[in-house]
Number of protein chains: 2
Amino acid sequence: MIKIVVVEDHPMLLDGLKNALSKNSDFEIIGTALNGQSCLTILEENNTDILLMDLNLPDIKGEELSKVVKSKFPKIKIIVLTSHDQIYHIRTMLDIGVSGYLLKNEDYSLIEDTIYSVYDGNIEISQHISEIIAKNTGKVNISTREKEVLKLIADGLTNQEIADKLFISPLTSDSHRKNLILKFGASNTASMIKTAIEMGFISN
Amino acid sequence: MIKIVVVEDHPMLLDGLKNALSKNSDFEIIGTALNGQSCLTILEENNTDILLMDLNLPDIKGEELSKVVKSKFPKIKIIVLTSHDQIYHIRTMLDIGVSGYLLKNEDYSLIEDTIYSVYDGNIEISQHISEIIAKNTGKVNISTREKEVLKLIADGLTNQEIADKLFISPLTSDSHRKNLILKFGASNTASMIKTAIEMGFISN
DNA sequence: AAATCAATCCACGAAAACAAGGATTTTCAT
DNA sequence: ATGAAAATCCTTGTTTTCGTGGATTGATTT
């Protein structure tokens, strides 16, 4: 029996998943949660093999939750099940060390296959996801400082204002801006912001 | 018996919905579709009261589909069930004349209530949606020309380039830009693009 | 018929961003 | 310890955007 916990903030989808997975006698759904907090409670009280998790939960980002799970329960294998198909999220989660990444609009059977494979120790990503990764290899990879500046630019700050906020020279923040434009392959700040959002680098 | 058709491109959610709705003896699920095309086929061959529909289908935008449905089958009541909570989409769909707008992360029971209410001739939107509408009243309302210019700005064109493309003076496209910044309450072009995307004015 | 709004155009000056380079110092991993 | 990458700062000149404040035409609504 593979012991599974599901975190998913859409009650309807969660219900559907629970029902579907329960039909497979290899699986045991030991708990479901609508948010990160109750998910952690369940994990603390039960032995779990696989955590199936959505990325945008009401109380915590999937990124944070998976880091916590990875450090507190290193043996639990995480499979991301989300509708975020942006390269940033895919990369971030794989870097954290999740074992699977699937999109919600994929067939149900794929989840079962992935659970088996991940339980056996493999890392499994759907065809769709690997295509997105392939399309973006070698492309955008920004540093933490650049990410910081990016967010401030998106909020409408000028080089000078960014400089004041980060205690750096406006020339530096201008350099970061230029690098961001370059890395995103954009022609100016406006279109850079657009592709950064498209790729998931700016959350909201 | 209320005759219901569901269009939803997430197979898992579609399955869950079908199961859940079937349990209510007042409802008859006469068909489900994973895309717009097969949805229209079903509607042509069956008498339908209510169409429950997602917004981003693989073959057609929810906006287009609902327009087609409204003109071909004026009696069918449409309930939007989506995860798009941006004011632009909400407004657009309500303008087209849908009878309901719900978010996917709301409780299942709300769907049932909404179906009954809409079937009775009411227009029903969830609390969450009406809050978003309230928060945005009187705010952003851009013209078709501004929308056109907005898209070009987001693609990285300058005033001059936009002017060339639209056969207008660069001063005009600059005026549009300024109005957009003003209407979105942004401080410059970059943050204007961000909020425009957040509000759903720039699709992709 | 009057009013409103969309779309177009304008001026002028100030502020900010862009282009195309280069250079130094931290930080971090091997 | 040494390279590589990241973060910092720099120059010069050009282009673009921003701020403020208009004006005109045409379509639509009341």
Side-chain angles (χ1 to χ4, degrees), chain A residues 88 91-92 94-97 136-197 199 201-202, chain B residues 88 91-92 95 136-197 201-202:
Chain A
Y88 173 77
R91 276 213 203 117
T92 304
L94 290 176
D95 285 351
I96 289 172
N136 286 282
T137 38
K139 263 191 182 167
V140 183
N141 208 290
I142 70 177
S143 68
T144 48
R145 194 54 153 179
E146 283 167 341
K147 209 162 116 186
E148 222 171 336
V149 172
L150 172 58
K151 196 171 284 290
L152 296 175
I153 293 175
D155 284 340
L157 305 213
T158 65
N159 288 328
Q160 183 62 60
E161 290 166 337
I162 293 167
D164 290 346
K165 185 153 269 178
L166 301 182
F167 304 106
I168 55 178
S169 153
L171 295 162
T172 305
S173 75
D174 191 49
S175 289
H176 287 312
R177 181 193 294 264
K178 284 171 189 160
N179 278 327
L180 286 164
I181 291 173
L182 193 71
K183 286 188 176 180
F184 281 108
S187 57
N188 58 26
T189 302
S191 63
M192 185 269 285
I193 292 297
K194 188 194 166 202
T195 68
I197 292 177
M199 291 184 173
F201 283 88
I202 299 173
Chain B
Y88 174 78
R91 276 213 203 118
T92 305
D95 285 351
N136 285 282
T137 36
K139 262 193 183 166
V140 183
N141 207 289
I142 69 176
S143 69
T144 48
R145 194 53 153 180
E146 284 167 342
K147 211 163 119 187
E148 222 172 336
V149 172
L150 171 60
K151 198 171 282 291
L152 295 175
I153 293 174
D155 284 341
L157 307 212
T158 65
N159 287 330
Q160 183 63 60
E161 290 166 336
I162 292 168
D164 291 346
K165 185 155 268 178
L166 301 182
F167 305 107
I168 55 178
S169 152
L171 295 163
T172 305
S173 75
D174 190 48
S175 289
H176 287 311
R177 180 193 296 265
K178 285 171 188 162
N179 276 328
L180 286 164
I181 291 173
L182 193 72
K183 287 187 175 181
F184 281 107
S187 57
N188 58 25
T189 303
S191 63
M192 186 269 285
I193 292 296
K194 189 195 167 203
T195 68
I197 293 176
F201 283 88
I202 298 174

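In what follows, chains are A, B, ... by sequence order, proteins preceding strands, each numbered from 1. Every heavy atom of this structure was used, including side-chain atoms; hydrogens, water molecules and symmetry mates were not.
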Distance below 4.0 Å between Thr172(B) side-chain N/O and dA7(C) OP1 or OP2: no
Side chain to side chain contact (heavy atoms under 4.5 Å, CB included) between Arg145(A) and Leu166(A), intermediate numbers included: CA-CA 10 Å; Arg145(A) 194 54 153 179; Leu166(A) 301 182; 3.8 Å; yes
Residues touching DNA chain C, which here means a heavy atom under 4.0 Å, drawn from residues 175-186 of chain A: Arg177(A), Lys178(A), Ile181(A)
DNA chain C: 5'-proximal contact among Asn188(B) and Thr144(B) (nearest heavy atom): Thr144(B)
Check: Asn141(A) main-chain N/O paired with Lys183(A) side-chain donor or acceptor under 3.5 Å: yes
Nearest-neighbour nucleotide for the Ser143(A) side chain, dT8(D), dA6(D), dC10(C) considered: dA6(D)
Shortest non-hydrogen contact from Pro170(A) toward Asn159(A): O-CB, 3.9 Å
Touch class at under 4.0 angstrom, heavy-atom based, for Ser173(B) against every strand present: nothing
Separation of dA16(C) C1' from Ile153(A) CD1 (nearest whole Å): 12 Å
Separation of atom CG in Asn141(B) from atom P in dC5(C), rounded to whole Å: 11 Å
Atom-to-atom span, CD of Glu146(B) to P of dT8(C) - whole angstrom: 10 Å
Backbone N/O of Gly156(B) and side chain of Asn188(A): donor-acceptor pair under 3.5 Å: yes
Among dA17(C), dA7(C), dT8(D), the one nearest Thr158(A) by side-chain distance: dA17(C)
Nearest-Å distance for atom pair CG/C1', residues Asp174(B) and dG22(D): 14 Å
N/O donor-acceptor pair under 3.5 Å between Ser191(A) side chain and Asp155(B) backbone: no
Whether Tyr88(B) and Phe201(B) hold their rings parallel, tilted or perpendicular, with breakpoints at 30° and 60°: tilted
Counterpart residues, side-chain contact (heavy atoms from CB on, under 4.5 Å), relative to Ser175(A) (two or more places apart): none
Nearest to side-chain heavy atoms of Thr189(B), which nucleotide of dC18(D), dC9(C), dA7(C): dC18(D)
Thr189(A) vs Thr189(B), side chain to side chain contact (heavy atoms under 4.5 Å, CB included): CA-CA, chis, key distance, verdict: CA-CA 8 Å; Thr189(A) 302; Thr189(B) 303; over 6 Å; no
Whole-Å distance separating the CD atom of Glu161(A) from the P atom of dT17(D): 18 Å
Under-4.0 Å salt bridge between Lys178(B) and Asp174(B): yes
Rounded distance (Å) that lies between atom P of dC18(D) and atom CG of Asn159(B): 8 Å
DNA chain C contacts made by residues 162-169 of chain A, counting heavy atoms under 4.0 Å: none
Between dT17(D) (P) and Leu171(B) (CG): distance, integer Å: 12 Å
Between dT15(D) (C1') and Gln160(B) (CD): distance, integer Å: 11 Å
